[in-house]
Amino acid sequence: MSRFNEIEIALVERLRVLKAAPEKTINLLDISGPLQVSGYAQDEILEVLSALAQDGILVFAPGDRVRILKPLPD
(Lines give C-alpha, C1' and ligand atoms only; values in the text may rest on other atoms or scores of the structure.)
Protein backbone atom coordinates (compact mmCIF):
# COMPACT_ATOMS: atom_id res chain seq x y z
CA MET A 1 0.00 0.00 0.00
CA SER A 2 1.34 3.41 -0.92
CA ARG A 3 1.81 6.15 1.66
CA PHE A 4 -0.91 8.20 -0.08
CA ASN A 5 -3.42 5.33 0.22
CA GLU A 6 -2.46 4.79 3.86
CA ILE A 7 -3.11 8.45 4.65
CA GLU A 8 -6.34 8.47 2.65
CA ILE A 9 -7.67 5.53 4.67
CA ALA A 10 -6.66 7.18 7.96
CA LEU A 11 -8.18 10.51 6.89
CA VAL A 12 -11.50 8.98 5.79
CA GLU A 13 -11.65 7.03 9.07
CA ARG A 14 -11.03 10.30 10.95
CA LEU A 15 -13.82 12.01 9.00
CA ARG A 16 -16.16 9.14 9.91
CA VAL A 17 -15.26 9.57 13.59
CA LEU A 18 -16.21 13.24 13.20
CA LYS A 19 -19.53 12.12 11.65
CA ALA A 20 -18.80 13.79 8.32
CA ALA A 21 -21.87 14.00 6.13
CA PRO A 22 -22.91 16.09 3.13
CA GLU A 23 -23.24 19.79 3.93
CA LYS A 24 -21.45 19.45 7.27
CA THR A 25 -18.36 21.60 7.85
CA ILE A 26 -15.43 20.33 9.87
CA ASN A 27 -12.49 22.22 11.34
CA LEU A 28 -9.21 21.26 9.69
CA LEU A 29 -7.51 21.08 13.09
CA ASP A 30 -9.98 18.39 14.16
CA ILE A 31 -8.88 16.38 11.14
CA SER A 32 -5.15 17.04 10.98
CA GLY A 33 -4.27 17.15 14.68
CA PRO A 34 -4.90 13.46 15.44
CA LEU A 35 -3.41 12.42 12.10
CA GLN A 36 -0.22 14.34 12.84
CA VAL A 37 -0.01 12.64 16.23
CA SER A 38 -0.26 9.33 14.32
CA GLY A 39 2.83 10.29 12.32
CA TYR A 40 1.44 11.88 9.17
CA ALA A 41 2.92 15.20 8.03
CA GLN A 42 0.69 18.20 7.43
CA ASP A 43 1.69 18.42 3.76
CA GLU A 44 0.78 14.74 3.27
CA ILE A 45 -2.63 15.31 4.86
CA LEU A 46 -3.21 18.39 2.70
CA GLU A 47 -2.29 16.39 -0.42
CA VAL A 48 -4.99 13.82 0.38
CA LEU A 49 -7.55 16.51 1.25
CA SER A 50 -6.78 18.22 -2.08
CA ALA A 51 -7.34 14.93 -3.92
CA LEU A 52 -10.71 14.52 -2.17
CA ALA A 53 -11.54 18.08 -3.21
CA GLN A 54 -10.62 17.28 -6.84
CA ASP A 55 -12.94 14.26 -6.64
CA GLY A 56 -15.76 16.58 -5.52
CA ILE A 57 -16.12 14.93 -2.11
CA LEU A 58 -15.28 18.08 -0.16
CA VAL A 59 -14.33 21.72 -0.61
CA PHE A 60 -12.15 23.98 1.44
CA ALA A 61 -14.28 26.49 3.32
CA PRO A 62 -13.51 29.76 5.11
CA GLY A 63 -12.18 29.63 8.64
CA ASP A 64 -9.85 26.65 8.12
CA ARG A 65 -12.73 24.29 7.54
CA VAL A 66 -13.81 21.76 4.93
CA ARG A 67 -17.38 21.24 3.76
CA ILE A 68 -18.39 17.72 2.89
CA LEU A 69 -20.27 17.58 -0.43
CA LYS A 70 -20.77 13.85 -1.02
CA PRO A 71 -20.78 10.68 1.06
CA LEU A 72 -17.30 9.49 1.95
CA PRO A 73 -15.68 6.78 -0.19
CA ASP A 74 -15.62 3.24 1.13
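Keep in mind that the numbers below use all heavy atoms, side chains included, and drop hydrogens, waters and symmetry copies.
Hydrophobic cluster membership differs between Ile26 and Leu29, with clusters built from Ile, Leu, Val, Met, Phe, Trp and Tyr side chains linked at under 4.5 angstrom. The hydrophobic cluster containing Leu46 also contains Leu11, counting ILVMFWY residues as joined when their side-chain heavy atoms lie under 4.5 angstrom apart, directly or transitively. Cluster annotation: Phe4 is connected to Leu15 through the hydrophobic network of ILVMFWY side chains, with a link wherever side-chain heavy atoms come within less than 4.5 Å.
Residues passing the side chain to side chain donor-acceptor pair (under 3.5 Å) test with Arg3, sequence neighbours excluded: Glu44.
Within 6.0 Å of atom CD in Gln42, 12 or fewer heavy atoms from other residues, nucleotides or ligands are found, so the atom counts as exposed in its surroundings.
Checking side-chain atoms of Lys24 against main-chain N and O of Leu18 turns up a donor-acceptor pair under 3.5 Å. Within the 3.5 Å criterion, the main-chain N or O of Asp30 finds a donor-acceptor partner in the side chain of Arg14.
In this structure the side chain of Ile7 never reaches within 4.5 angstrom of the side chain of Glu47, judged on heavy atoms.
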Solution key, residues 55-74 side-chain donor-acceptor pairs under 3.5 Å, sequence neighbours excluded:
| unit_1 | atom_1 | unit_2 | atom_2 | d |
| --- | --- | --- | --- | --- |
| Arg65 | NE | Thr25 | OG1 | 3.3 |
| Arg65 | NH2 | Thr25 | O | 3.2 |
| Arg65 | NH2 | Thr25 | OG1 | 3.3 |

